[in-house]
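Being a predicted model, the structure only gives us computed values, none of them experimental. Letters A, B, ... mirror the listed sequences (proteins, then strands); counts begin at 1.
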4 protein chains.
Amino acid sequence: MQSRSPASRTGRPRSAAADAAILAATRAALVELGWSKLTLGDVATRAGVAKTTLYRRWAGKNELVVDAVAELFDELELPDSGSLAADIEGVVLQFATILARPEARSGLMAVVAESTRDDALRERIRESIVNRQKRLVVEGRTRAQARGELPPETDPSESARTVDLIFDVIAGAVVHRALVSAEPVDATWAWSLTALLLNGLAAAAAV
Amino acid sequence: MQSRSPASRTGRPRSAAADAAILAATRAALVELGWSKLTLGDVATRAGVAKTTLYRRWAGKNELVVDAVAELFDELELPDSGSLAADIEGVVLQFATILARPEARSGLMAVVAESTRDDALRERIRESIVNRQKRLVVEGRTRAQARGELPPETDPSESARTVDLIFDVIAGAVVHRALVSAEPVDATWAWSLTALLLNGLAAAAAV
Amino acid sequence: MQSRSPASRTGRPRSAAADAAILAATRAALVELGWSKLTLGDVATRAGVAKTTLYRRWAGKNELVVDAVAELFDELELPDSGSLAADIEGVVLQFATILARPEARSGLMAVVAESTRDDALRERIRESIVNRQKRLVVEGRTRAQARGELPPETDPSESARTVDLIFDVIAGAVVHRALVSAEPVDATWAWSLTALLLNGLAAAAAV
Amino acid sequence: MQSRSPASRTGRPRSAAADAAILAATRAALVELGWSKLTLGDVATRAGVAKTTLYRRWAGKNELVVDAVAELFDELELPDSGSLAADIEGVVLQFATILARPEARSGLMAVVAESTRDDALRERIRESIVNRQKRLVVEGRTRAQARGELPPETDPSESARTVDLIFDVIAGAVVHRALVSAEPVDATWAWSLTALLLNGLAAAAAV
DNA sequence: CACTAATCGAGACGGTACGTCGAGTCTTTCA
DNA sequence: TGAAAGACTCGACGTACCGTCTCGATTAGTG
């Protein structure tokens, strides 16, 4: 989020409502216009706020959109459907549902694109989005271990590498399927991906 | 590429050199400036060409960059290293090498981002990039079948679905690892991904 | 008019029809668009001629329009209505009629405006328009002298100065009235101007 | 001048200095480049102002130049030299002096030329230039009447017609002489014109 | 009759300016 | 002193014409 000067006791305090209004307006504008046609002046107008106010709180378009988009992915939840396979399948479909929303598609890819040249932005994305959602993989594995579907981990660094791999494969495959290949992420495809993953992991564990 | 009125016998013909100069200038500008700061006026200047010439041939920034980026991926080749595992690993590392180049990173993600709101652009990407590189997966499987590493396919539609799945998983995972997670795509990681894939496929085939 | 390289005996001769078509198209375009929105490309299209053909014959917009406008004023004629007063009045009204046509208004003023910075153009206007119409004043005086309304001239240089003065006053006043003051040049006004002139000349002659 | 939304209390007020700088820059550019090569971008640069600021205040080239040129003619003054003849001669020579300046020649004729197709512009010229300078004729007659050189007027509408006629004749003749005939407006010529006018008026009054 | 050289149409070329738009900053007045 | 309003500078946009150029295809005269 944005920071503010620490010790400003005096003066008119910043409107708390403004922040929410601006982020909501940003998402609404993303839906209607997409990233490239979204203008900060327009966001300010929609939010009933002066452009100055907006610039006082965010450094620019990228930062604003990261914040507006990040919380979209917070609604992802591990369904706990009783089996690891069903858990994965559920998350995949949830993720696809979110990516079906135009503000999520446009916003996510736009900030990722910008981050290819802006390290600070990339770090912001890692914090706000990537690492935040990695919890799903960790939690899924924990549950599967509790159910006895997966063996308990032994090597912690090997374990972290596996989490990263799984996350990149799931998130990458879903995004690529949905946005680049432009094919539907439906139950059939989700099941295929799940099967591939589980079989791959099981075989690896068997080694 | 851009198309032109089909049978225009008369008039001064378009300069063939201009096309190449423009695409090269586009890639150079992408390296230096990145997508968002790249201007068509600047590209025209670098190419030693008038802005009008550029607009006569491409509809806009997106179309131009797709064409400029697409051929970057044409240098991908299946190494034929004797085993399916080595083939996959080789392609993954080649892909990562290309994505390490700034013009490829910025350009690819930028056009994908724009394509989330522009169906024509998405189709152009599918034609120029996605489907063109899917050949690698098909060829890899053919070779593996020839070697006996994979069984011959029986159901052709099932076969096409598998190609798509593999492609989305490999391309998606590499892109996500490189650009979103921002972790290195090195030999270790490539081997892990390859192992996951091969084990998954083998187990699926065993069913 | 335009000139051509003197000794070109061989080769395809220039189309005579093209010249007329171009001048007519120029006048038509002046009516519809006015000077500033008239483009040579459009004139060429209207004339069914390539831009190259047009540029081969005229140096630019100004030269073309001078030629196109000049002949509009050739239809001015001294009515010979039996008295000097009626002659003047007739010419004034004829002049006003021509100036009521949009191509004459726009074209004449546009080239005059351009000529304020282009001596060659000013000279061309003098030759093609101003001096050509000065004949009307000379002829009117000759007739009036024949009728005994004006005394025969004695000093030829004084005589030339008077012709110039009369011409500037008549042409200037009519143009100013019609185009700058934007008031109608009707019979009443024409009579007032004529009276002013004749009285002024008579009193001067009486000295 | 340009107008603005009437009661806008809030917001940053328009810079008063910018107006003057823009008009001065316009006149300077007219001197150097003339009407047709004058570009609004260049004017903005000279004035140290952004192009948008210029467009916010004037609708286009024509409107801007009318305003810039109009005040050039405000320096015209009736000399009050003791006789009507000397007054007229003085004004004629003053007018010629102004028309000798390139920005006045180019600017005046250019806007008049444009006004032949643009009624709003013509009206603007009438207000800003024509009617404003007609005061000179009115004042000259008033003084002459006070001196007894001219009889007091009886019919007011007849009187207005005479003012218009005199104005068209003087202004038209001077402009025509200076810009179309391209002959010098010197004392000799000024005296001839004055004599013609005064004799004509005197004879008319004698009727 | 073929040759030849300048013409013709068409339209792409390198330029220049257009008028608009958005970014981000600055300067007011109001609360 | 924060917030709204809106003018400010800056720079890119995509378009329109400019005047030039390169084409292939016509035309006369000339040889």
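Which of dG9(E), dT9(F), dT20(F) sits closest to the side chain of Ala50(C) comes down to dG9(E).
Rounded to whole Å, atom P of dA28(F) lies 7 Å from atom CZ of Arg12(C). Between the CZ atom of Arg57(D) and the P atom of dG19(E) there is a distance of 18 Å, given to the nearest Å. For the pair Ile22(A) CD1 and dG2(F) P, the interatomic distance rounds to 15 Å; values are reported in whole Å. What separates NZ of Lys51(A) from P of dT27(E) is a distance of 15 Å, to the nearest Å. Here dC18(F) presents its C1' atom at 14 Å from CD of Glu114(C), a figure rounded to the nearest Å. The CG atom of Asn62(A) sits 9 Å away from the P atom of dG24(E) (whole-angstrom rounding). dC21(F) atom C1' lies 16 Å from atom CZ of Arg14(B), rounded to whole Å. As a whole-Å value, the separation of Tyr55(B) OH from dC18(E) C1' is 14 Å.
For dG2(F), the OP1/OP2 oxygens have no side-chain nitrogen or oxygen of Arg56(A) closer than 4.0 Å.
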* Asked: Arg46(B) and Glu32(B): salt bridge (Lys or Arg N to Asp or Glu O under 4.0 Å), yes or no, with the steps?
  -> CA-CA 12 Å; Arg46(B) 287 168 188 259; Glu32(B) 285 180 34; 3.0 Å; yes
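Between Leu23(B) and Trp58(B), some side-chain heavy-atom pair lies under the 4.5 Å cut-off. In this structure, the side chains of Glu63(D) and Val111(D) stay at 4.5 Å or more apart for every pair of heavy atoms. Under the 4.5 Å side-chain criterion, counting only non-hydrogen atoms from C-beta, Leu33(D) is in contact with Asp42(D).
Residues meeting the side-chain hydrogen bond (donor to acceptor under 3.5 Å, both in side chains) test with Glu127(B), sequence neighbours left out: none.
Between Thr53(C) and Thr52(D), the residue anchored closer to the 5' end of DNA chain E is Thr53(C), taking for each the nucleotide with the nearest heavy atom.
For the atom pair CZ (Arg117(B)) and CH2 (Trp35(A)), the distance works out to 13.5 Å, reported to the nearest 0.5 Å.
Near DNA chain E, defined here as any heavy-atom distance below 4.0 Å, the residues from residues 28-49 of chain C are Gly48(C), Val49(C), listed numerically.
Put simply, the residue from Asp118(B), Asp119(B), Asp67(B) that forms a salt bridge (Lys or Arg N to Asp or Glu O under 4.0 Å) with Arg124(B) is Asp67(B).
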